Chemist: 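The structure under discussion is supplied below as structure tokens; questions concerning it will follow.
Order of appearance sets the numbers: ligands from 1, and atoms from 1 within every ligand. For this chain, numbers begin at 1 and follow the sequence in order. Keep in mind that this is a model prediction, so the values were computed, not measured.
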Amino acid sequence: MLNSNGLDIQRDVQLADLSTMGVKAISKYFATLDDINLLPEIINFVESTHSKFLILGGGSNVLFIGDFDGLIIKNELNGIQIVEETETQVLLKIGAGENWHALVEFCVGNRWFGIENLALIPGTVGAAPIQNIGAYGVELVDVFVELEAFDIDNKTFNVFNKRDCKFGYRDSIFKNTLKNKFIITSVTIRLQKSGEVNFGYSALKSHFETLGISTPSIDEIFKAVVEVRQSKLPDPAFIGNNGSFFKNPVIPVFHYDELKQKYPDIPSYPVTEQLVKVPAGWLIDKAGWKGYRKGDAGIHAKQALVLVNYGYASGQDIYQLSEMVLNDVIQKFGIKLEREVNIFGGN
Ligand code: FAD
Ligand code: EPU
């Protein structure tokens, strides 16, 4: 269906190639957003057909557990603009549909410091604030300035600064009170032209120790992050996955101390004096799930936090496996894991 203003809405579109888990599901309606002027028309369509609505980036943090009875919009709002440049800093405004890793490569190539540790995270720039993407000691919040987003109910553009976004660990206001209420159209970040690289994260530190490098350059950090990630995370081009399926749980210190009595090797990261974060991958691994496979749904053999689709698993197969893991971790450790992945479809 081609609407008068150029919005091309397709019917019954297969989503398997549009999410990195690669499970089959049909979207009733589907369109591509490559021009912000199409937004009012998209919202009119949603309202007039009383459809559900979902904005999709690279599909690397979504799991479809059934067909989607509504309109999916694939974000292709592109463009990178230097808003301001001084001797020490650069302010970049990036279209929400730009590929995140390509942006990291571009910035490292220009020797702009700040996001090199976030190399190889799949997906789009517009999805990065949703869960405040993070890896190897850096989070989006560390470079974030503001974002622009279209208010679906009021049909207006709004600007959100860092405080408005209420960023947390794998969290923001867009996963909570404003869930599915805004379409992020651009993100502005501030990078440094000279700076200190961050290689405090243990996997990076030991990588450089092995290489005998004591003061890595920005290029070496980028390369190291890519290598470390490739050594443990499956490449979605070959094995369907969503990266970490669960968040790392934060638990009271007294609970951690009890677990430590029983499992002296349990790792932890301090959060506050009363709270610690425990790696969910360690818990799932210790519970015996690493390398588990039932049909085509499984737990990755090198990283127990990653659920995988070996080919023909359905969204339900993956979801049910995640339920089994969740229940087992509660039973063995008294910890309720929370899914990081966003679940859609099926109702
Ligand atoms: P999608 O999966 O398309 O969408 C995710 C959610 O954001 C959905 O709810 C969607 O509706 C919403 N959304 C997307 N775009 C917009 C927009 N423009 N406006 C409003 N809402 C929007 N994450 C990390 O934090 N750290 C990692 O180290 C990491 N490693 C990963 C490794 C692998 C192999 C994989 C597969 C995933 C990994 N992830 C990681 C998760 C994922 O890459 C990030 O969450 C990424 O930001 C998702 O981007 P996306 O464009 O694919 O979002
Ligand atoms: N571990 C195990 N067994 C496993 C997996 C991990 O014992 O099967 C242990 C490791 O030995 C280590 C600890 O758990 O002591 C942490 O493991 P790792 O460094 O691999 O990190 P993670 O906590 O599993 C988190 C993020 C990743 C991010 C990496 C690097 C979450 C939920 N996940 O993983 O993010 O890339 O740290 O910073 O916070 C994502 O969000 O999708 C993601 C991949």
Chemist: Find all atoms of ligand 1 within a distance of less than 4.0 Å from any non-hydrogen atom belonging to I183, and give their numbers and elements.
Modeler: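 Answer for ligand 1: 19 (N).
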Chemist: Select the closest option to atom 16 (C) of ligand 1 among T20, V187, I55, judged by heavy-atom distance.
Modeler: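 Closest candidate by heavy-atom distance is I55.
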Chemist: Using modelled atom types and a 3.5 Å cut-off, is there a donor and acceptor pairing between side-chain atoms of N75 and backbone atoms of L56?
Modeler: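 No, the answer is negative, given that no donor and acceptor are paired below the 3.5 Å cut-off.
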Chemist: Could you tell me the residue and atom name of the protein heavy atom closest to atom 30 (N) of ligand 1, and the distance to it rounded to 0.1 Å?
Modeler: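 Sorting protein heavy atoms by distance from atom 30 (N) of ligand 1 puts R229 NH2, 2.7 Å first.
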Chemist: Please confirm whether K181 makes a cation-pi placement over F174, using NZ or CZ under 6.0 Å from the six-membered ring centre and within 45° of the ring normal.
Modeler: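 No, K181 does not lie over the aromatic ring of F174.
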Chemist: Report the member of G59, G123, A96 with the shortest heavy-atom distance to atom 1 (P) of ligand 1.
Modeler: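 Minimum heavy-atom distance to atom 1 (P) of ligand 1 goes to G59.
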Chemist: Judged by modelled atom types alone, do N132 and E139 share a side-chain donor-acceptor pair under 3.5 Å?
Modeler: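 Yes, because at least one side-chain N or O of N132 sits under 3.5 Å from a partner of the opposite role on E139.
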Chemist: More than 12 heavy atoms of other residues, nucleotides or ligands under 6.0 Å from CG of D17: yes or no?
Modeler: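 At most 12 heavy atoms, drawn from other residues, nucleotides or ligands, come within 6.0 Å of this atom.
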Chemist: Out of R170, K247, K175, which one pairs with E340 under the side-chain hydrogen bond (donor to acceptor under 3.5 Å, both in side chains) rule?
Modeler: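 The passing option is R170.
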Chemist: Would you mind listing which atoms of ligand 1 come within a distance below 4.0 Å of any non-hydrogen atom of N75?
Modeler: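 It comes down to these atoms of ligand 1: 18 (N).
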Chemist: Take a 6.0 Å sphere around CZ of R111 and say whether it holds more than 12 heavy atoms from other residues, nucleotides or ligands.
Modeler: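 Not buried by this count: 12 neighbours or fewer within 6.0 Å.
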Chemist: So if I only count non-hydrogen atoms and take anything under 4.0 Å from ligand 2, which residues does that give, chain by chain?
Modeler: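 Residues near ligand 2: A135, Y136, Y169, R170, Y201, R229, K232, G243, S244, F246, K247, N248, P267, Y269, P279, G281, W282, D285, K290, Q303, A304, L305, E340.
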Chemist: Looking at non-hydrogen atoms alone, which of F53, F182, W100, F344 comes nearest to atom 9 (O) of ligand 1?
Modeler: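 Selected option, by shortest heavy-atom distance: F344.
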Chemist: Out of P122, S186, P129, who is nearest to atom 43 (O) of ligand 1 when you count heavy atoms only?
Modeler: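 Going through P122, S186, P129 one by one, P122 has the nearest heavy atom to atom 43 (O) of ligand 1.
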Chemist: Between D142 and V138 (side chain of the first, backbone of the second, donor and acceptor by atom type, cut-off under 3.5 Å), is there such a pair?
Modeler: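 No, because the side chain of D142 does not come within donor-acceptor range (under 3.5 Å) of the backbone of V138.
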Chemist: Which residue holds the protein heavy atom closest to atom 4 (O) of ligand 1, what is that atom called, and what is the gap in Å?
Modeler: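 The closest heavy atom on the protein side is V62 CG1, 3.8 Å.
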Chemist: Measuring from atom 34 (C) of ligand 1, which candidate in I72, L233, N241, V341 has the nearest non-hydrogen atom?
Modeler: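 Result: the heavy atom closest to atom 34 (C) of ligand 1 is in N241.
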Chemist: Verify whether one side chain among D171 and N176 offers a donor that lies under 3.5 Å from an acceptor in the other.
Modeler: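 Result is yes, a qualifying pair exists.
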Chemist: Quick check on the 6.0 Å ring-centre criterion: do F160 and F182 meet it?
Modeler: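 For F160 and F182, the ring centres are under 6.0 Å apart.
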Chemist: I want to confirm something. Looking only at heavy atoms, which of G240, G243, S19 is nearest to atom 35 (C) of ligand 1?
Modeler: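 It is G243 that holds the nearest heavy atom.
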Chemist: Please state which option from E139, Q230, Q131 has its nearest heavy atom closest to atom 24 (C) of ligand 1.
Modeler: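 Selected option, by shortest heavy-atom distance: Q131.
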Chemist: Determine, considering heavy atoms only, which of G134, A119, A127, A135 sits nearest to atom 26 (N) of ligand 1.
Modeler: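 Nearest option to atom 26 (N) of ligand 1, by heavy atoms: G134.
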